[in-house]
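Here is the structure we will look at, set down as structure tokens.
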Amino acid sequence: MMAVPMVGRAPALDELRRAWSRVRGGGGPLTAVVTGASGTGKSALVGAFRRGGPSSVEVLAGTARVHSPAPYDWLAAVLAGRDTRGIDVPPDALSWLKQDPDVPRERYTPEALLRIAVTTVRALVGTAPAVLIAEDLHALDPASLNLIAELATTDLPVLLLVTSQPPEDPLTMRTLARLTGRPGAVRRHLRGLLPAEVGEILQHVYGVEAAPPEVAEAVWRRTDGNPYRLTELIAVEGPAALTIPRQSSELTAREREVLGLLAEAMPNKQIARVLGISVRTVTVHVSNLLRKTGASSRTEAVLWALSGDHHVGWRDNDTAARSQSSA
């Protein structure tokens, strides 16, 4: 399958490149914040910026650790695999920030550790323009959030590029407010794709003749214009993704099975294990049943299933046994 191009993000990419040009030209430190719902292409935008933007410069990049987050996950990701012998900070504190396996017992106050973390980043950056990238700010630990906010206030010659889903907790909200409140800060929110943009992607993958406007509109409705869902739909269904669905709310047998498992509050990964299919396929089934039921969320789809005799595929004994064995 051909690679799915990045469409509808050119203005955001151009703005990031202009911000980097300002930093590289001595225009001082700048902060750029890219927000958007899951699957809207924040990481793809950062990847495109890195491929076509800074070269032969220091790039310090880290992201949140979704499972079992620990203090200073962002800095630990930056330091991973680096030679840190020349950094003038206490070795035991540096080992703690790196999350070394044999880390000594912490004996520094949070304020002291924050100062040491900032000093460490200063040593890594040096005096030349650099790029700091913090992805998934919404999932970062509190210590990393404080560090990112502090770095935005320094005189380091850097572009601080941050991505985040819309935050829900107060600390992340305050951190984003501090970042976007910096002088000259860039703020971009990525929306879903428009039908015409979905059509552009389909034409790139399948050819102009294969994706007329009515097909693009149908695919847009199936994916809500979400780039990740569109990519998964193309990967799973291939050319069948271009078939305009019949206007029917009738679910397939597999979709009824998936809906039944959604009613048991199972995430996609567990549903995939129970049914013996891939997570990608589950994602497509969920998208299809949301469209057919007219639901805007998984919860609404479950309520639809419970509201009448819709012949939802509640689990039989064999399915339940597979679920138990996958737990």
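Just so you know, these numbers use all the heavy atoms, side chains as well, and skip hydrogens, waters and symmetry mates.
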Strictly below 4.0 Å, N to O, side chains only: are [X] and [Y] in salt-bridge contact?
| X | Y | answer |
| --- | --- | --- |
| Glu257 | Arg254 | yes |
| Arg9 | Glu197 | no |
| Glu237 | Arg222 | yes |

Between the side chains of [X] and [Y], does any donor sit under 3.5 Å from an acceptor?
| X | Y | result |
| --- | --- | --- |
| Glu135 | Ser43 | yes |
| Asn268 | Arg298 | yes |
| Ser144 | Asp73 | no |

Original post:
With a 4.5 Å heavy-atom cut-off, do Leu159 and Leu132 have their side chains touching?
Top reply: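 No; the side chains remain at least 4.5 Å from each other.
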Subject >> Val125 side chain reached by Leu60 side chain, heavy atoms, under 4.5 Å >> reply: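 The answer is yes; the side chains approach within 4.5 Å.
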From [atom1] ([X]) to [atom2] ([Y]), nearest 0.5 Å:
| X | Y | atom1 | atom2 | answer |
| --- | --- | --- | --- | --- |
| Leu193 | Thr40 | CG | OG1 | 9.0 Å |
| Leu176 | Thr31 | CG | OG1 | 11.0 Å |
| Leu147 | Asp141 | CG | CG | 9.5 Å |

Subject >> Least distance between heavy atoms, Gly62 atom then Val78 atom >> reply: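 So the two residues come closest at N-CG2, 4.2 Å.
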Subject >> Which atom of Gln99 lies closest to which atom of Pro71, heavy atoms considered >> reply: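 Closest approach of Gln99 to Pro71: NE2-O, 3.0 Å.
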Original post:
In a check of side chain to side chain contact (heavy atoms under 4.5 Å, CB included) between Val284 and each of Thr223, Val236, Ile234, Leu289, which one passes?
Top reply: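 In the set Thr223, Val236, Ile234, Leu289, the residue that makes a side chain to side chain contact (heavy atoms under 4.5 Å, CB included) with Val284 is Val236.
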Original post:
Who are the salt bridge (charged side-chain N to carboxylate O under 4.0 Å, His left out) partners of Arg17, not counting sequence neighbours?
Top reply: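 Salt bridge (charged side-chain N to carboxylate O under 4.0 Å, His left out) check on Arg17 returns nothing, list empty.
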Original post:
Would Asp169 and Thr172 count as a side chain to side chain donor-acceptor pair (under 3.5 Å) if you check the C-alpha gap in whole Å, the side-chain angles of each, and the deciding distance to 0.1 Å?
Top reply: CA-CA 6 Å; Asp169 66 286; Thr172 307; 2.7 Å; yes
**OP:** Kindly state each residue pair satisfying side-chain hydrogen bond (donor to acceptor under 3.5 Å, both in side chains) with at least one member in residues 175-185, sequence neighbours excluded.
**Re:**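 Listed by first then second residue: nothing to list.
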**OP:** Apply the test salt bridge (charged side-chain N to carboxylate O under 4.0 Å, His left out) to residues Glu15 and Arg187: give CA-CA distance (whole Å), side-chain angles for both, the deciding distance (0.1 Å), then the verdict.
**Re:** CA-CA 9 Å; Glu15 192 165 11; Arg187 173 69 185 269; over 6 Å; no
Original post:
Under a single-linkage definition using a 4.5 Å side-chain heavy-atom cutoff for Ile, Leu, Val, Met, Phe, Trp and Tyr, are Val186 and Phe49 assigned to the same hydrophobic cluster?
Top reply: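 Unlinked, Val186 and Phe49 end up in two clusters.
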Which pairs would a plain distance check flag for residues 110-124, meaning a side-chain donor or acceptor within less than 3.5 Å of a matching protein atom at least two apart in sequence or in another chain?
residue, atom, partner, partner atom, Å
Thr119, OG1, Arg115, O, 2.9
Thr120, OG1, Ile116, O, 2.8
Arg122, NH1, Asp155, OD1, 3.1
Arg122, NH2, Asp155, OD1, 3.0

